[in-house]
Amino acid sequence: MSAQERILELRKELHEHNHRYYVQNMPVISDFEFDALLRELQDLEAANPDMFDPSSPTMRVGSDITKEFKQVAHKYPMLSLGNTYSKEEVREFYDRVMRGLNEDFEICCELKFDGTSISLTYTDGKLVRAVTRGDGEKGDDVTANVKTIRSVPLVLSGDGYPTEFEIRGEVLMPWDVFERLNSERAANGEQLFANPRNAASGTLKLQDSSVVAKRGLDAYLYFMLGEQLPAEGHYENLQCASEWGFKISSYTRKCKTIEEVFEFIDTMDVERRNLPFATDGIVLKVNSLRQQKNLGYTAKSPRWAIAYKFQAERALTRLNEVSYQVGRTGVVTPVANLDPVQLSGTVVKRASLHNADIIEKFDLHIGDMVYVEKGGEIIPKITGVDLDARFMLGEKVNFIAKCPECGTPLVRNEGEAAHYCPNDTSCPPQIKGKIEHFVTRDAMNIDSIGPETIEMLYNYGLVKNIADLYSLYPEDLMFLPRMGAKSAENIVAGVKTSLQVPFERVLFALGIRFVGATVAKRLARAFKNIDNLMNATFEELVAVDEIGERIATTVTAFFANESNRELVARLKEYGLCFEVSEEEALLHSDILKGQSIVISGVFTHHSRDEYKEIIEKNGGKNVGSVSKSTSFILAGDNMGPSKLEKAQKQGVRIVNEEEFLAMIGG
């Protein structure tokens, strides 16, 4: 068998195995065997570049090449659906359809997935384009990212599909994948995703498709459009799509009466708690495409479809205790400890109470029966109290006055909802939180140290603050549990490598309250070195662009603390960078000072991120949307049409890449 023949054979075999595993959930070979076949195909394709095929199974792994998303107009507008929250409104919709058609009709009931909408175009049985909903008229071309989603067929099975058609659906992140991803982000000190919908949407818009491939997205398809569809019924078209390899929800039913519709709603309101993904309602569609056409559209939505939204899932359980957590910045958050209760497919034992005002609002007492909701958020929240169940009133819940970790009296600043512990130099969770922040990617990027290692280093007395990291030696670490010689060497090597991190990131890594990465850049560039910043007055700080009174107050308070000054002195001794280098200083200017600039399009000489950095280095400010205060738009090829239209209406100047580079001196 020739290499070309083997490539074609492997592609067909792998497409089939992929469909069996990710769509039918009926694998016939092991993961190891699948990976071996995929590696063989990758090697053969690398040796035979003339056999390149954008629909090959090897495209599933993605690429680390960064690409800007191009905007693509939808052939058929992606309109939103009208929402309803009661069965009465569902009946009103049903009656409107009945009056509009004046003939018998069927309703197709299907799940409303809580993900991000996608439109897929197939030509001659191959995926050629995947576009996000965008504004409904146009969206972003995310084809490279969608190709990494294993449940999306790159090549269709069987026959009978139109030469060209569009199929729409929802990209989802299953609950188990979402929880794994957030665990990884927590370990890396990254911000957690609020819910699977946000995680799916954020993942789909990543520039690096190789990262998307690792995220484990899924996709369900639910609507087909085209000129030569196989059937006149929406439900029947979905069954055909299933035969071609698309993942179609088994929770789809064709109903002939309103009673059958209500029965489906009631069934799914219970069953949704057991689903592996998030869903927030039911979509009802008139099944006949002819009748859909006759009913038509309003300005915003089709008259032949409506979305019934489930009420946020709520459970009643007993409040046993209120505990308090101290965060990295000292903010103290009350947490309700509850009798375990089933909610949205998980057992809930704790719920956030946010702050003292919430406790006071509900007049909480220990033993209260409280309502808990989990509307897709990470931590469930208490939304009410069953006052009728108060027959044996327990102790009233009062917000604590002292830090539960170190005993320091708590502080609540005027205008703020949160209480916080001001003891930022010796409060254990604050110290460990500061170290976790210090080693994160955007700060010192010491990826060999995670939260568990920090906990162990702190508990064994090896690290009491961030400076102690730089006094570690491999022999200090090798006696720790589960710590081998190689791991110890990696930790010390990672710490040593961080000495190359520039001043602005070191400043961010210090963890000064309200000083994020962008503020740290502005302060570093304004004051040039740490000594100037430590000795800066309140007035000098607020004179810096975008540094307000709140930030100036926390910066002066941080450096007024002698412990923090001693910490900086130690870090200096260890060789951390506390000044803007001469080379870096030469790259900065005030050419764009006071100017707000929007970037749009695809560029030749630099990436969009590089241009954002150049704008900041020359004193300008990056803004995301066009307004009257926009100084100009830096425009590349394929500039967003909405931005162009706004610019023309607002009279905002458009500057091309060459003009911009000339403006800043090349």
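The basis for the numbers below is simple: all heavy atoms, side chains too, and nothing from hydrogens, waters or symmetry mates.
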With sequence neighbours excluded, what pairs up with [X] under the salt bridge (charged side-chain N to carboxylate O under 4.0 Å, His left out) test?
X    : answer
E9   : R6
E103 : R290
K361 : none
K256 : E106

Whether the side chain of [X] engages the backbone of [Y] through a donor-acceptor N/O pair (distance < 3.5 Å, no angle test) should be reported.
X    : Y    : answer
R272 : D280 : no
T267 : E263 : yes
T257 : E260 : yes
E110 : R253 : no
N48  : D50  : no
H74  : G134 : no
T203 : A199 : yes
N145 : L204 : yes
Q292 : V286 : yes
H234 : K285 : no

Show every ring-ring contact (aromatic ring centres under 6.0 Å, His included) that has at least one partner inside residues 115-134, sequence neighbours left out. Y122-F165, Y122-F246
Sort and list the pairs that fulfil ring-ring contact (aromatic ring centres under 6.0 Å, His included) and have at least one residue in residues 253-272, not counting sequence neighbours. none
Could you check if a side-chain atom of [X] sits within less than 4.5 angstrom of a side-chain atom of [Y], using non-hydrogen atoms only?
X    : Y    : result
K147 : V152 : no
L338 : V370 : yes
R653 : S631 : no
C108 : Y235 : yes
R11  : L41  : yes
T630 : I597 : no
N237 : P230 : yes
T279 : D114 : no

[X]: what forms a ring-ring contact (aromatic ring centres under 6.0 Å, His included) with it, not counting sequence neighbours?
X    : answer
Y220 : F113, F277
Y251 : none
F93  : none

Rounded distance (nearest 0.5 Å) linking atom [atom1] of [X] with atom [atom2] of [Y]:
X    : Y    : atom1 : atom2 : answer
L225 : S119 : CG    : OG    : 7.5 Å
T84  : I282 : OG1   : CD1   : 12.5 Å
I107 : S288 : CD1   : OG    : 11.0 Å
I118 : R168 : CD1   : CZ    : 10.5 Å
L8   : S56  : CG    : OG    : 10.0 Å
L221 : I248 : CG    : CD1   : 5.0 Å

Could you go through K649 and E645, starting from their C-alpha distance and side-chain angles, then the distance that decides it, and tell me whether this counts as salt bridge (charged side-chain N to carboxylate O under 4.0 Å, His left out)? CA-CA 6 Å; K649 284 184 179 179; E645 185 181 347; 3.5 Å; yes
K205/D140 ion pair, N-O < 4.0 Å: yes
What's the verdict on ring pair (Phe, Tyr, Trp, His ring centres under 6.0 Å) for F223 and W304, showing C-alpha distance, side-chain angles and the deciding distance? CA-CA 13 Å; F223 189 51; W304 43 266; 5.8 Å; yes
Should we count [atom1] of [X] as having more than 12 external heavy atoms under 6.0 Å?
X    : atom1 : value
K309 : NZ    : yes
K293 : NZ    : no
E259 : CD    : yes

Work out which heavy atom in [X] is nearest to a heavy atom in [Y]; give both atom names and the distance.
X    : Y    : answer
I654 : A635 : CG2-CB, 3.6 Å
D159 : W244 : O-NE1, 3.1 Å
G82  : I306 : O-CG1, 3.2 Å
S596 : S629 : CB-O, 3.9 Å
L634 : N656 : CD1-O, 3.9 Å
P196 : M173 : CB-O, 3.4 Å

Does anything in residues 224-241 pair up under salt bridge (Lys or Arg N to Asp or Glu O under 4.0 Å), and if so which pairs, sequence neighbours excluded? E236-K254
Can you name the side-chain hydrogen bond (donor to acceptor under 3.5 Å, both in side chains) partners of D95, sequence neighbours left out? none
Mind checking what makes side-chain hydrogen bond (donor to acceptor under 3.5 Å, both in side chains) contact with K612, not counting sequence neighbours? none
After noting the C-alpha distance and the side-chain angles of S151 and D218, does the key distance pass the side chain to side chain donor-acceptor pair (under 3.5 Å) rule? CA-CA 6 Å; S151 52; D218 201 353; 2.5 Å; yes
Consider only side-chain N and O atoms of T58 and E45, and report whether a donor and an acceptor are under 3.5 Å apart. yes
Can you see whether Y308 engages E89 through a side-chain donor-acceptor pair at a distance of less than 3.5 angstrom? no
Under the side-chain contact (heavy atoms from CB on, under 4.5 Å) rule, what do D141 and Q71 come out as? Steps first, then yes or no, please. CA-CA 6 Å; D141 186 333; Q71 288 224 316; over 6 Å; no
Residues Y76, E166; criterion side chain to side chain donor-acceptor pair (under 3.5 Å); working and verdict: CA-CA 9 Å; Y76 310 95; E166 186 177 333; over 6 Å; no
